[in-house]
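Quick note: numbers below take in every heavy atom, side chains included, and nothing from hydrogens, waters or symmetry partners. Letters go in sequence order (proteins before strands), and every chain restarts at 1.
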There are 2 protein chains.
Amino acid sequence: MKENVKDRVLKWGWVVLPIYLFTFLPLHAGSVKSPNGNIELKFSVDSKGRPVYEMTYKGKAVIKPSHLGLELARDKHASKGLKETDLMDGFTITDETTAEHDETWRPVWGETATIRNHYVEYVATLLQQTERRTMRLRFRVYDDGIGLRYEFPQQKELNYFLIREERTEFAMAGDHTAWWLPGDYDTQEQETQQSRLSEIRGRFHEAVNWDNSSVATFSPTGVQTSLQMKSDDGLYINIHEAACTDYATMHLELVDAETKALTTKLMGSSNAYTPSPAAVAAATATVAATAPSVGYAAALPQPFTFVSHLTPDATGLKGAMQTPCQTPWRTVMVSDDARDMLSSNLILNLNEPCALDDVSWIHPTKYCGVWWEMIVGKSSWNYTDEFPSIYLDQIDWSRAKPNGRHAANNEKVRRYIDFAAKNGLDQVLVEGWNVGWEDWANMWKRDVFDFVTPYPDFDIKALNDYAHSKGVKLLMHHETSSSTQNYERHMEQAFQLMNKYGYDAVKTGYVGDIIPRGDHHYSQSMNNHYLHVVKEAARHHIMVNAHEATRPTGLCRTYPNLVGNESARGTEYEAFGGSRPDHTCILPFTRLQGGPMDYTPGIFVTRLKEWSDNTSWARITLAGSLALYVTMYSPLQMAADLPEHYERFDDAFQFIRDVACDWDDSRYLEAEPADYITVARKAKGTDNWFVGGKCDEQGHTAVVKLDFLDKGRQYDCTVYADAKDAHYETNPQAYTITKKTVKAGQTLKVKEAPGGGFAMSLIAR
Amino acid sequence: MKENVKDRVLKWGWVVLPIYLFTFLPLHAGSVKSPNGNIELKFSVDSKGRPVYEMTYKGKAVIKPSHLGLELARDKHASKGLKETDLMDGFTITDETTAEHDETWRPVWGETATIRNHYVEYVATLLQQTERRTMRLRFRVYDDGIGLRYEFPQQKELNYFLIREERTEFAMAGDHTAWWLPGDYDTQEQETQQSRLSEIRGRFHEAVNWDNSSVATFSPTGVQTSLQMKSDDGLYINIHEAACTDYATMHLELVDAETKALTTKLMGSSNAYTPSPAAVAAATATVAATAPSVGYAAALPQPFTFVSHLTPDATGLKGAMQTPCQTPWRTVMVSDDARDMLSSNLILNLNEPCALDDVSWIHPTKYCGVWWEMIVGKSSWNYTDEFPSIYLDQIDWSRAKPNGRHAANNEKVRRYIDFAAKNGLDQVLVEGWNVGWEDWANMWKRDVFDFVTPYPDFDIKALNDYAHSKGVKLLMHHETSSSTQNYERHMEQAFQLMNKYGYDAVKTGYVGDIIPRGDHHYSQSMNNHYLHVVKEAARHHIMVNAHEATRPTGLCRTYPNLVGNESARGTEYEAFGGSRPDHTCILPFTRLQGGPMDYTPGIFVTRLKEWSDNTSWARITLAGSLALYVTMYSPLQMAADLPEHYERFDDAFQFIRDVACDWDDSRYLEAEPADYITVARKAKGTDNWFVGGKCDEQGHTAVVKLDFLDKGRQYDCTVYADAKDAHYETNPQAYTITKKTVKAGQTLKVKEAPGGGFAMSLIAR
């Protein structure tokens, strides 16, 4: 049972400033404004009984009138109480409540020491008379956006239902510029596209990296969230979701003229559950399906309207629900200042408070690891090339013939431990330590790894002992190869092994196709799996950093041991052909909205062919790579390059040694999507600040007003900047390090090279 | 790694009589005879390179020339080594070996103390030249049938493959009479049909109980194995499979003229993997799909040909394989004496020896239980009717309002413990002891049970203590409601709970649709799951009795803690409308071929309305119900009726008290499918025999020749027989108990009433 707020406050001392202002405000039914009045939300039910909402910001339309509802699926068990009549129309409003809520809470880790959660809440209770079913729509209106969700109270006529599709509309007010990723059931690791909404369809095919073996697109106007947009009149608008637990991840499908035509053709089909061709094609994932959803879309009132599209399970269904329950929050953030998109805490605020009793074992972590040289292709995860295929229990690993390229060996790991100890890094990730890498991905192999058996050249006890003797921990790696059934079977033993040897963090991986076959990375069941892992890890006091898992929706507030996720195109792609220089100027607006990313920055030697056969190169300057430790907020930060590369540039590496990864305050100084981001952060429990600025391929001159420093105090300032002739392609390693003394009120201008950036430390005297 | 046979003999002392006669016999390549010469198997490769086999018994055709092969599925990961070229044709024979093998082994429990495994083995190694792939076909030819399987050695060009369909043909020599069940991916709980092969299509629709919510048929000529047939010239033929591990359960599809026509239409389609309409329809399981398999069927050479049809996964695929591997054995048993069908050990012999080091904790078990009154509807599994739906962690069970009908309460369980103790029963099953039964089935609810939390009126510690104080154990119940993900998550804790309280056996249940959604009860992944449970249970010294699981294929030899399965229409159907009186004269020929059934016999009060509102009635006489303890071999036997009903007929219940459930010897005296079965068994470690005779609705006079008794010795014989006027419908409780002294050489004639039978104990003086 959910505890009430008071209990939580008593239980968790770190919720320090609770202020409750539950007030029933007098206002027109169905219209509610944010605390400062900038945002207005209107809600009504139209002539067909369909719920409709709209949203303005300072009087400008953000969401034009848009429908809300869910199409349900008929099931063979209809007689058992599984309802199939849609929750789309026939509703009347039976009750409305409005209340203002204001509290401040303290995250276990974060960009700021405290977070204010201040909103006006509007709840409409709807009755579908014909079915005698009740549904609630809950809106929370913040000064920087709204959250809305569907709630399904426990009731006689609605105990269980199957979701055919959620039909939440977002009718945009114009042909905005959008930064979008192709909608996909299994991968988020694509390059962000920048285009008008009307250009999505035309750009879609080229936007997909079809070489990615996980690609499972569903519509040529399907895009992922978080979706960042900018209107011609200067509004920044972002659509995402918050608190997605045991529900399928939402995509957005833009309903343009072509989609409407197809949809109209499909109208009139019953809503009996039959997997659509799209669902089948998606399930087999061999090609991108192009069939649209069926149903109510033809009645869409607006151009440039997105409609929600959930990730299906193996049968094409979008969800199995039991009341009482609710959808995740659907979020729309808006501001006329791009910096507000980055400083917003709307998504964290919409998540539940911390569910863990004890959080003392959770800590921000800086780490290096045996990883990059494998990504680049210079060494291997697998120990042997001797066997055509592997049955884990049938190999005598001690007699297997080493391939001579195995990276996770005792000698190398000790080298990394020494490097971490010397440079104040907390942990050393080691990938490829455990048996099974010989044939681990895309074979539909269930029993891929056991997560407990090291290769013969990895002495798990000795290496952990050695690390601990130097004040360093090893960071565990569990690649599941998406065989989730196998992982769940071994997880308890795997976590026990971690506890035994003193690991307190695990990087998990979900490369390849999901087993059980037919399921998708972002389905309801997989979202349940990821959270199950986080909860089980918490029981063992283990922090989780999940790669290739679903995109985060702020669950790290509730489960702060979820310290990181990948869920986007990370640094590894610099070894796979590279990412555009503006990539890291987009991610904070999109991917990072839901939670921190383990981006694994810090590549100093960007031309990989300098030390390997890999001809790819990182599209970033060395100074720019330092900036990422500040601009890409995460409590988990990797120094991803090789120790010898850092030793070559030890003066620059000083910034990585110094920079914090947990903060008392953060100030976004400058921001424009895909152009530049400049942010200043105050290191937790200190008076020191760190500033990072990152720009796109155009370069940028950052203007850093030192307003945030304590007045009258002097600071030792070190600036790591691109040299004058630096360039991400032609001269990435040209940087300058300048030291000076500064104080509040001063303004520093720092020039960023194309694809470059800067980093700055401000140490209080 | 498989240990060699010698190691096994040393390891398991109970393998007492190993005789190895590996001899390379001189015979024509591709033709091999059974040890006594009755069965001849021929194998060749036809002009297209397709493997073909045929089989005769005493010169009569059993299997006419039939193809062997597998269609493979193309996968998007073809480039990763997943092969898609079929394993159907283009083969040449590169090697043939023949050897005779004779050993005798001792089962942990069984119908006989020792089992002879005597066969001639023929192995053909086949090369598919174009793909440079090798496949082996292994045949074992016994005097009472054959086993054949495909083997895929580990090799460069065949490491992983996906099975689109296995195409093993069984061309029958005539329009045999068959006892068949509708082929179904999810249920075996149908009434057996008796018809000519040519009549299957016409009978199919009426053969299916469409009210069973699990029905997922796939073809109007699809039938299940074990399939018992009888030819017009008096041959009894049975097709089944042995040692089905990590492979989909096989069905048989009869390719008649109509199927051929449809198949021909579908020919020419590529074998690229796309879920067929049949697979999709099966996945949604709303209707029986009628589309046939595609591919090679049109080339079938024979009428009355069955072709294998595997159970698909959620995507329609039939299997994901990694070499080295093999299919289960496909078995054809044959004799001109029906009794040989029942005494055959062919399926056990084709399974691997015991895989458990310690089997001391495995024991035959006679039990009663809190069960029948719930099946009948007089009481309930659930504790409360208070909640529309249940979240396990949100109910305060101690405050929930009892519905007053909850059967698994302390008082009632103590009553059953007392009854068991008084009557020498070993265990007491209690269903409905654990929370979650309020909304447990067919809701697509994942987190249904936790398997560790008792209802408030079930004091798990006190009841186990009480039972143990009386020399009785409780028998655990784990209904999974087919939410296998949930069961696997809780299984370790559930087994630990059992260990803590002294349970050593669990009845598992798989009612309802499989979660993960889209999967089927008999798929590769589910077969893996069932065996996973058995293996994990063995680690905890727990015996398993799995209901609604896949039909057994002799795995109880390898894992003798798998002491029972349901996997057919059990006694519970006597409360759901009843089963035909001949049902129990068919099951030993079909369902029991693969392993024992927890049929739960012993209903003395057949008219349920005598004590409940249920108007159904059991189609059996009381004496017939006693017979089942002998005719339906199982090491696990339930006395299923209520204690008070047994107390009413205590003189008859004496047989249940006396009868053994483990045997040193078994002699099938009379048998005809669906007509009658008479069998004598010698109780393990004693000189006592028990005889059972069961007949159909026609009645039968059993002739029991006491040849099997020790010569010259006297036996106290008690015969529990139908009274003269007994009848399963009109007078089921009319029985006589006769005592006499008998000796070897005598012949007893016992009249069995319509739907009746008899039981006999022969206690050596």
Any sub-3.5 Å donor-acceptor pair from B:Tyr160's side-chain atoms to A:Asn442's backbone N or O?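 Looks like no, no N/O pair under 3.5 Å.
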Verify, without hydrogens or angle tests, whether A:Gln322 (side chain) and B:Arg446 (backbone) share a donor-acceptor contact under 3.5 angstrom.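 Answer holds: no.
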Identify the two heavy atoms, one from B:Pro324 and one from A:Tyr391, that lie closest to each other, and give their separation to 0.1 Å.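 It is O-OH, 3.1 Å.
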Over all atoms of both residues, closest heavy-atom pair of A:Thr323 and B:Ser389: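 For A:Thr323 versus B:Ser389, the nearest heavy atoms are O-OG, 2.8 Å.
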[X] portion near chain B, given a 4.5 angstrom heavy-atom threshold:
X        : result
A:His529 : both
A:Asp396 : neither
A:Gln524 : side chain

With a 4.5 angstrom heavy-atom cut-off, could you sort out which part of B:Phe387 is near chain A: side chain, backbone, both or neither?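 Neither part.
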Take atom [atom1] in [X]; do more than 12 heavy atoms of anything else shown fall under 6.0 Å from it?
X        : atom1 : answer
A:Gln496 : CD    : yes
A:Glu386 : CD    : yes
A:Arg539 : CZ    : yes

Could you state the interatomic distance from NE2 (A:His532) to CD (B:Gln485), rounded to the nearest 0.5 Å?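 CD of B:Gln485 is found 7.5 Å from NE2 of A:His532.
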Mind ranking B:Ser525, B:Pro516, B:Pro388, B:Ala320 by heavy-atom pairs under 4.5 Å with chain A and telling me who comes out on top?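 Among B:Ser525, B:Pro516, B:Pro388, B:Ala320, the one with the most close pairs to chain A is B:Pro388.
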Mind ranking B:Lys156, B:Glu492, B:Arg489, B:Glu536 by heavy-atom pairs under 4.5 Å with chain A and telling me who comes out on top?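 Most heavy-atom pairs within the cutoff with chain A belong to B:Arg489.
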Between A:Ile515, A:Asp519, A:Ile390, which shows the greatest number of heavy-atom pairs under 4.5 Å with chain B?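 The option with the most such pairs is A:Ile390.
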For the residue pair B:Glu488 and A:Glu488, establish whether any side-chain heavy-atom pair is separated by less than 4.5 Å.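 The answer is no; the side chains never approach within 4.5 Å.
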